[in-house]
Protein chains: 2
Amino acid sequence: MMQLIRMCKKKSKWWKEKGPFFDVVISSRIRLARNLSLFPFPHKANNAQQKEILEKSEKAIKVNQYMKDSQILRFSELDKIDLQLLMERHLISYEHSLGQGYGGVAIDKKEVVSIMINEEDHLRLQVIYSGLQLFKAWALATKIDDKLNEKINYAFSHQWGYLTACPTNVGTGLRVSCMMHLPVLVLTRKIDAVLRNLSKIGFVVRGLYGEGTEVMGDLFQISNAVTLGQSEESIIDNIERVIKPIIEFERQSRIKLMEKNKVGVEDMIYRAYGILKYIRSITFSETMDLLSKIRLGLYLNLNLDCDISLVNELMILSQSAHIQELIGKPLSVVQRDELRAELIRKSFKK
Amino acid sequence: MMQLIRMCKKKSKWWKEKGPFFDVVISSRIRLARNLSLFPFPHKANNAQQKEILEKSEKAIKVNQYMKDSQILRFSELDKIDLQLLMERHLISYEHSLGQGYGGVAIDKKEVVSIMINEEDHLRLQVIYSGLQLFKAWALATKIDDKLNEKINYAFSHQWGYLTACPTNVGTGLRVSCMMHLPVLVLTRKIDAVLRNLSKIGFVVRGLYGEGTEVMGDLFQISNAVTLGQSEESIIDNIERVIKPIIEFERQSRIKLMEKNKVGVEDMIYRAYGILKYIRSITFSETMDLLSKIRLGLYLNLNLDCDISLVNELMILSQSAHIQELIGKPLSVVQRDELRAELIRKSFKK
């Protein structure tokens, strides 16, 4: 665990920054699925093949100029809580965190880049930035990808593009997503219509930890469904064309709600603030709910003695595995709720 | 209204003191029902008779040595909100606050003594003290009563005792009551059995404003039902014998609950504290609920930056008429909730 605790404490993480539209867009993520030619996909590969994939990938990453500051973690050296922490950090996927076989992940210092090894595909390259910065994330991802390709032969078909374990990723292998904070669309129940329309036009909305997971803290991960038959740039352009009106809709709704019921909104936010400053026990789900209100309050310029990077950070650090890493041992749910409360209270006192 | 606002602001009120068992008993109240001989009861008296009763009573009160510091208010000079304020302060009854006829009330500076005129009876003499001090309240009440009797001939029968408008008050004319704060008996649902037993043995339990009113803030007014066939001392002795085990039961339950779920209890109390420090709008009912938790927290020595006299005071000052007196004009419910929030927030900041 110790290795990861040190990781937790590093200062300059992407979520401390304020990217464009950070009031509504928490993060922009680009993910590329890649596989090594001549090897079976991970779920078909035997141990010896998985080991070889891991070693070949590590080697290619180590000489990649964009990954100089990174560390490579082998899952065989991590315990369950470590893996859960990486998942909570969005550095590995939920499936990957189950830790079957020869898994590994390379992570740079800022946690902007992560390269998962032996996930559903041999390689999953991910770039995250604060706010709406999909093209910037894409620019970095494609550079890293090109460099990796100099050392690794990718499974690629001139007809289909990049080959992937699951057909939904074939083609560009690109998944583009934004984590959006939509508290007022939720509060005013406009969110349902937004989500219905998104799925009609071919976008996928997910919860906090991706596919099939719960929505918490009014956070919605919106991503493209189609990866085939379009250029990467046009996929990214399409999703930006969808994200921007949602940003505008959320912002307008915030203003309208304040015009309609200023005191009610302020009361709701200040109560959340008062509770977070004094709690002695709290679940992660309630934490997210209250932090969501604080995040809204900061946008509305309420007199809250904290900033958005603290809120973003607490949304990450108050997750279960993070709480357990803090204390260095597994905890019961009750103990976690108490320690989470202490962490939050102290953060707000600072 | 102005007269009453000044009244609001006076410092040395009974509720600022800490009487015996103040952690469970908010107040002890003695009330004597008296009527002038040769006059019909108020509901049967015509205007001229009511006026005469009012004037005779005022005269007798003015020369009463125990009422030197008192002021006499005539309802004809008060508006609706003034009357409601007096009722919220427990200085007049709900029926009296409706302000029919020639009503009046004499109140001493500390608001320990009030003498209602032309209520259900011609005179209702009331003495309130902080905590469990029924005998002390009785001692003062009986002295004032004797002095009044020197100037007023009471309606009295050697067979029945003091005659009253309602037969339930005949005899001693004495109503003895304690306002009890029983948050943990409520929380642990033991209160229902307590209330059932009390009514079986001839005691009456009422809400915040007396008969038929709602219980708020875990406050229960417990009083005797019988006024006839017992001496005043034995009536008071009987109720003390009932009150003391309830005090003990509540205190024991507080200790047991802390042993069982310390963090849960502390969390509940600190959340209430956090909310009260930051609210922007709050109903009176929720205020009472949260203040009840703070009161419990003070007993449990939690680190709350306030004291019990502030809590007692806010339980009085945050009532609707009090809020309106503060600003000097009638307010809508929404405005009251906002002003109440402001009052509470500022009180906790001090």
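Computation of the quantities below employed the complete heavy-atom set of this structure, encompassing side-chain atoms and omitting hydrogens, waters and symmetry-equivalent molecules. Order of the sequence lines sets the chain letters (A, B, ...), proteins ahead of strands, with each chain counted from 1.
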- prompt: For the atom pair CZ (B:Arg271) and CZ (A:Arg271), what is the distance rounded to the nearest 0.5 Å?
  reply: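 Going from the CZ atom of B:Arg271 to the CZ atom of A:Arg271 covers 13.0 Å.
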message: Using a 4.5 Å heavy-atom cutoff, which residues in residues 276-286 of chain A come close to chain B?
response: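 A:Lys277, A:Tyr278, A:Ile279, A:Arg280, A:Ser281, A:Ile282, A:Glu286 fall under the 4.5 Å cut-off.
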message: Quick check on B:Lys349: does its NZ atom have over 12 non-hydrogen neighbours (other residues, nucleotides or ligands) under 6.0 Å away?
response: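 Yes, NZ of B:Lys349 has more than 12 neighbouring heavy atoms, counting only those of other groups under 6.0 Å.
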- prompt: Contact part of B:Glu266 toward chain A, heavy-atom cut-off under 4.5 Å: side chain, backbone, both or neither?
  reply: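 For B:Glu266, heavy atoms of backbone and side chain both lie under 4.5 Å from chain A.
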field: Residues which pass side-chain contact (heavy atoms from CB on, under 4.5 Å) with A:Asp307, listed by chain and number, not counting sequence neighbours
entry: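 So A:Asp307 forms a side-chain contact (heavy atoms from CB on, under 4.5 Å) with A:Ser309, A:Leu310.
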